[in-house]
Amino acid sequence: MQQLISPLPQPEPGAAPLDPASLESLAAVYAYPDQVNHGRPWLRANMVAGLDGGARLEGLSEGLSGDADKRIFGVLRALSDVVLVGAQTVRAEGYRPARARAEFAAARRAAGQAPAPVIAIVSRSLELDLAAPLFTDPLVRTVVVSTEDAPAEARAAVSEVADLVLAGRGSVDLPAAVAALAARGWTRLLTEGGPRLLGQLAADGLLDELCLSVAPLITGGDAPRIVHGAQMPDVQRMRLVSLIEQKGFLFTRYLRPRAW
């Protein structure tokens, strides 16, 4: 893996140079800004796409991934407090509870974090498989984000197996939801999409950072882009701050203007 942009922290004199393929170096590259230690949330997205922009291959993002992408995926999860994901993506990708990583255990304890990040599912309808491992066997209790007017029976059922956060009526009020998660001390936010949720987050001005893996594949078909469906109030310009290459895959990190 070759680091092309974004200098890594310099090692102490006489120490071995930092290796961008190592978990330690990747954690340094993708470290959250200091504002998260002062109660101010930071929301980053982690997505993958092919060269022609498709966010899925044969219906899943898994087909676009590779070993290095999975390594960065694991690092981004290990740094986060909470992973925000849409219910459709949970169903399609077969989401399971986040696991604790021994390599990050000490750093998470020092930061006051739980052993693994919380999975927070955004679902307006609450049509969820409550017998799935996300609800029956999580290391940390799963959160479901829904609306105040979601069906009462479904809200009661979800509350038995998960923490329920209600934000908005008719559709999930994402700014209110992010504020509610941050109020619990979860200021290191990560979203893994899918494209519709990411589109809504971007349209609401909530996206601080985009970590985009570009797979060296042209897939064709009708797969959505990584941001899909939402009407953006304006084009959002972002600045490239990190670029890593391995075996034709590009791992990019962009910040929005307010984060410059």
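Nothing here was measured: the structure is a model prediction, and the numbers come from that model. The first residue in the sequence is number 1, and the count goes up from there.
- No more than 12 heavy atoms of other residues, nucleotides or ligands shown are found within 6.0 angstrom of CZ on R225.
- Hydrophobic cluster membership of L57, counting Ile, Leu, Val, Met, Phe, Trp and Tyr whose side-chain heavy atoms lie under 4.5 Å apart directly or via other members: V48, L64, L217.
- Of all heavy-atom pairs between V165 and A180, the closest is CG1-CB, 3.8 Å.
- Contact annotation: the side chain of V143 never approaches that of V82 to less than 4.5 Å [non-hydrogen atoms, C-beta and beyond].
- One distance of note links CG of L166 with CG of D149; it measures 9.5 Å at 0.5 Å rounding.
- A 6.0 Å sphere centred on CG of D34 holds more than 12 heavy atoms belonging to other residues, nucleotides or ligands.
- Note: the hydrophobic cluster containing L139 does not contain V161 (ILVMFWY, side chain heavy atoms under 4.5 Å, direct or indirect links).
- Side-chain contact between N46 and F73: present, with at least one pair of heavy atoms (C-beta onward) separated by less than 4.5 Å.
- Counting all heavy atoms, side chain and backbone alike, F135 lies closest to V144 at CE2-CG2, 3.8 Å.
- Under a 3.5 Å cut-off, the side chain of D52 and the backbone N or O of G220 do form a donor-acceptor pair.
- Panel note: side chain D81, backbone T187; a donor-acceptor pair is recorded below 3.5 Å.
- Within 6.0 Å of CD on E93 lie more than 12 heavy atoms contributed by other residues, nucleotides or ligands.
- Q246 places no side-chain N or O within 3.5 Å of a backbone atom of D69 that could act as its donor or acceptor partner.
- Geometrically, R239 does not engage Y254 in a cation-pi contact defined by less than 6.0 Å to the ring centre and at most 45° from the axis.
- Rounding to the nearest 0.5 Å places CG of L51 at 9.0 Å from OG1 of T219.
- Note that the CG atom of L190 and the OH atom of Y30 stand 11.5 Å from one another [nearest 0.5 Å].
- Annotation for A150 and R155: closest pair O-NE, 2.9 Å, computed over non-hydrogen atoms.
- Panel note: side chain T89, backbone V85; no donor-acceptor pair is recorded below 3.5 Å.
- Looking at R96 and D137, no side-chain N of the basic residue comes within less than 4.0 Å of a carboxylate O on the acidic one, giving no salt bridge.
- Between the S146 side chain and the S123 main chain, a donor and an acceptor come within less than 3.5 Å of each other.
- Counting only distance, with no hydrogens or angles, the side chain of T142 and the backbone of A162 share no donor-acceptor pair below 3.5 Å.
- Interatomic distance, R71 CZ to L76 CG, rounded to the nearest 0.5 Å: 12.5 Å.
- Within the 3.5 Å criterion, the main-chain N or O of K247 finds a donor-acceptor partner in the side chain of E245.
- Closest heavy-atom contact between A87 and I121: CA-CG2, 3.8 Å.
- Side-chain contact check for C211 versus F251: every heavy-atom pair is 4.5 Å or farther apart.
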Using a 3.5 Å cut-off and no angle test, enumerate the donor-acceptor pairs between side-chain atoms of residues 191-205 and protein atoms at least two apart in sequence or in another chain.
{"from": "T191", "atom 1": "OG1", "to": "L84", "atom 2": "O", "distance (Å)": "2.8"}
{"from": "T191", "atom 1": "OG1", "to": "G193", "atom 2": "N", "distance (Å)": "3.2"}
{"from": "E192", "atom 1": "OE1", "to": "R77", "atom 2": "NH2", "distance (Å)": "3.0"}
{"from": "E192", "atom 1": "OE1", "to": "Y95", "atom 2": "OH", "distance (Å)": "2.5"}
{"from": "E192", "atom 1": "OE2", "to": "R77", "atom 2": "NE", "distance (Å)": "2.9"}

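- Taking a 6.0 Å sphere around CD of Q35, one finds it holds more than 12 heavy atoms contributed by other residues, nucleotides or ligands.
- Between V75 and V29, every side-chain heavy-atom pair lies at or beyond the 4.5 Å cut-off.
- Taking 4.0 Å as the cut-off between side-chain N and carboxylate O, D163 and R141 count as a salt-bridged pair.
- Of all heavy-atom pairs spanning R101 and L23, the tightest one is NH2-CD1, 3.7 Å.
- Hydrophobic cluster membership is shared by L189 and V140, with clusters built from Ile, Leu, Val, Met, Phe, Trp and Tyr side chains linked at under 4.5 angstrom.
- A side-chain donor-acceptor contact under 3.5 Å links R188 and N37.
- Looking at E209 and R253, a side-chain N of the basic residue comes within less than 4.0 Å of a carboxylate O on the acidic one, giving a salt bridge.
- Linking Ile, Leu, Val, Met, Phe, Trp and Tyr residues whenever their side-chain heavy atoms come within less than 4.5 Å places I226 and L240 in a single cluster.
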